[in-house]
Amino acid sequence: MGETMHEALTDEKEFALLGEGGEVRRIPAEVSHFGLFGLPPKVSLDERALEARYHALSRRLHPDFFMNAPVGERIRSLEASARLNEAYKILRDPVRRAVYLVERASGKLAENDARPPADLLEQILEAQEAAAELRCGCEGEEAEELRGRIQAARECFEALRAGQRKALEDLGAQWDRAVDEGRTVPEDALRRLRSVLSQRNYIENTLRSLREALETAS
């Protein structure tokens with residue numbers, strides 16, 4: 001986990017997309033999505049301010065302004081537009097925004113969090129097994145018993161998802177307080193936030209699988 005990157009997250013500067021002469025500047029790779037919009041690197045943000053900033057920058061990068069510009073300028077404007085769109089897609093989504101922050105602080109989730117905890121994995125495997133059996137086309141009492149197991153598992157995973165949302169809110173608040181106060185984000189908050197986000201995909205995938213099994217067999 002990069003300490004330098006971690007500390008730098010609380011002190012990101014706004015990137016000036018246009019130079020003094022109105023020319024489009026090339027965006028360095030190290031400029032974050034937050035820096036691009038001039039927003040603090042926080043889990044919660046002012047979505048109206050984000051949207052307003054996105055539209056303002058998009059208007060300034062409109063292709064009509066660069067029709068007669070040199071080729072290099074036109075290319076930079078297109079590259080900047082693509083980067084701006086990608087950043088906006090991520091920041092306007094609360095979960096993708098949190099994942100982006102955590103990955104900037106501590107690396108890609110997929111590389112370091114390949115498996116869920118053992119107890120969660122066991123629940124997932126049991127639920128997936130029941131879903132697979134139901135999809136095989138069984139009927140009668142056997143099908144009813146499987147539907148009951150799947151519905152119970154679904155309620156369990158929905159409760160886990162609700163708990164994760166609450167944890168995400170609490171940990172996000174800790175993160176944001178650190179940013180507001182110019183402090184390093186607490187390691188424990190980062191570690192727990194990372195854990196919540198990595199387990200979220202497993203739970204969402206399992207819920208989707210259970211829902212599809214019930215719909216297929218109905």
Side-chain angles (χ1 to χ4, degrees), residues 2 4-110 164-186 189-190 193-194 196-197 200-201 204:
T4 301
M5 171 70 83
H6 190 186
E7 292 177 347
L9 284 172
T10 63
D11 190 30
E12 296 196 46
K13 301 293 189 300
E14 179 178 1
F15 176 75
L17 192 56
L18 301 178
E20 293 182 355
E23 75 281 8
V24 178
R25 300 175 62 202
R26 189 177 300 283
I27 305 172
E30 61 270 22
V31 173
S32 77
H33 295 340
F34 292 92
L36 199 55
F37 287 102
L39 295 170
K42 297 167 66 173
V43 177
S44 297
L45 54 70
D46 185 338
E47 295 184 2
R48 288 187 177 180
L50 170 66
E51 183 178 8
R53 188 66 176 151
Y54 169 70
H55 289 305
L57 290 173
S58 295
R59 282 195 294 272
R60 299 180 75 173
L61 292 172
H62 195 282
D64 288 352
F65 294 133
F66 302 96
M67 289 179 62
N68 299 316
V71 173
E73 179 80 357
R74 293 203 301 271
I75 291 175
R76 284 198 300 278
S77 69
L78 292 173
E79 290 175 343
S81 291
R83 179 77 184 275
L84 196 68
N85 290 336
E86 175 63 16
Y88 181 61
K89 286 180 184 175
I90 290 175
L91 296 191
R92 70 179 178 177
D93 183 307
V95 173
R96 293 185 71 184
R97 183 167 64 238
V99 169
Y100 177 74
L101 281 169
V102 167
E103 289 189 337
R104 277 181 59 81
S106 57
K108 291 287 186 182
L109 289 174
Q164 283 191 322
R165 286 174 177 167
K166 180 65 169 59
L168 190 59
E169 290 176 6
D170 294 343
L171 294 167
Q174 291 185 44
W175 181 297
D176 292 350
R177 276 197 300 275
V179 173
D180 288 339
E181 296 169 3
R183 294 184 288 110
T184 300
V185 175
L190 172 59
L193 190 55
R194 184 181 182 89
V196 169
L197 291 170
R200 179 183 177 280
N201 286 339
E204 292 294 337

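In what follows, residues are counted from 1 in the order of the sequence shown. Computed from heavy atoms alone, side chains included, the values below leave out hydrogens, waters and symmetry copies.
Taking 4.5 Å as the limit, every side-chain heavy atom of Glu79 sits out of range of all side-chain heavy atoms of Ile27. The shortest side-chain heavy-atom distance between His33 and Arg83 falls under the 4.5 Å cut-off. Side-chain contact between His55 and Arg60 is absent, with no heavy atoms from C-beta onward closer than 4.5 Å. Between Leu84 and Ser58 the shortest side-chain heavy-atom distance falls below 4.5 Å. Considering only heavy atoms from C-beta on, Glu103 comes within 4.5 Å of Leu109 through its side chain. Residues Leu18 and Leu57 fail the side-chain proximity criterion, which asks for heavy atoms closer than 4.5 Å. Contact annotation: the side chain of Arg25 never approaches that of Arg76 to less than 4.5 Å [non-hydrogen atoms, C-beta and beyond].
Distance check: Phe15 CZ to Phe37 CZ gives 13.0 Å after rounding to the nearest 0.5 Å. Phe66 CZ to Ile75 CD1: the interatomic distance, rounded to the nearest 0.5 Å, is 13.0 Å. One distance of note links OG of Ser81 with CG of Leu61; it measures 4.5 Å at 0.5 Å rounding. Note that the CG atom of Asn85 and the CD1 atom of Ile90 stand 11.5 Å from one another [nearest 0.5 Å]. Atom CG of Leu190 sits about 10.0 Å away from atom CG of Leu171, to the nearest 0.5 Å. For the atom pair CZ (Phe34) and CG (Leu50), the distance works out to 9.0 Å, reported to the nearest 0.5 Å.
Between Arg74 and Ala69, the shortest heavy-atom contact is NH1-O, 2.6 Å. Of all heavy-atom pairs spanning Gly38 and Glu14, the tightest one is CA-CG, 3.5 Å. Residues Val43 and Leu101 approach most closely at N-CD1, 3.6 Å, considering heavy atoms. Across all their heavy atoms, Val102 and Leu197 have their closest contact at CG2-CD1, 3.7 Å.
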### Task
Start with the C-alpha gap between Glu73 and Val24, add the side-chain angles, then the distance that decides, and say whether side-chain contact (heavy atoms from CB on, under 4.5 Å) holds.
CA-CA 7 Å; Glu73 179 80 357; Val24 178; 3.8 Å; yes

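Using modelled atom types, one side-chain atom of Arg97 and one backbone atom of Leu91 make a donor-acceptor pair closer than 3.5 Å. The main-chain N or O of Gly21 is found under 3.5 Å from a side-chain atom of Glu23 such that the two form a donor-acceptor pair. Under the 3.5 Å distance criterion, the side-chain polar atoms of Trp175 are matched with a main-chain donor or acceptor of Pro41. For the pair Arg194 (side chain) and Gly107 (backbone), a donor-acceptor distance under 3.5 Å is present.
When the salt bridge (charged side-chain N to carboxylate O under 4.0 Å, His left out) test is applied to Asp170, the partners found at least two apart in sequence or on another chain are Lys166. With sequence neighbours excluded, the residues that form a ring-ring contact (aromatic ring centres under 6.0 Å, His included) with Tyr88 are Tyr54.
Listed by first and then second residue, the side chain to side chain donor-acceptor pair (under 3.5 Å) pairs involving residues 34-51 are Lys42-Asp180 (not counting sequence neighbours).
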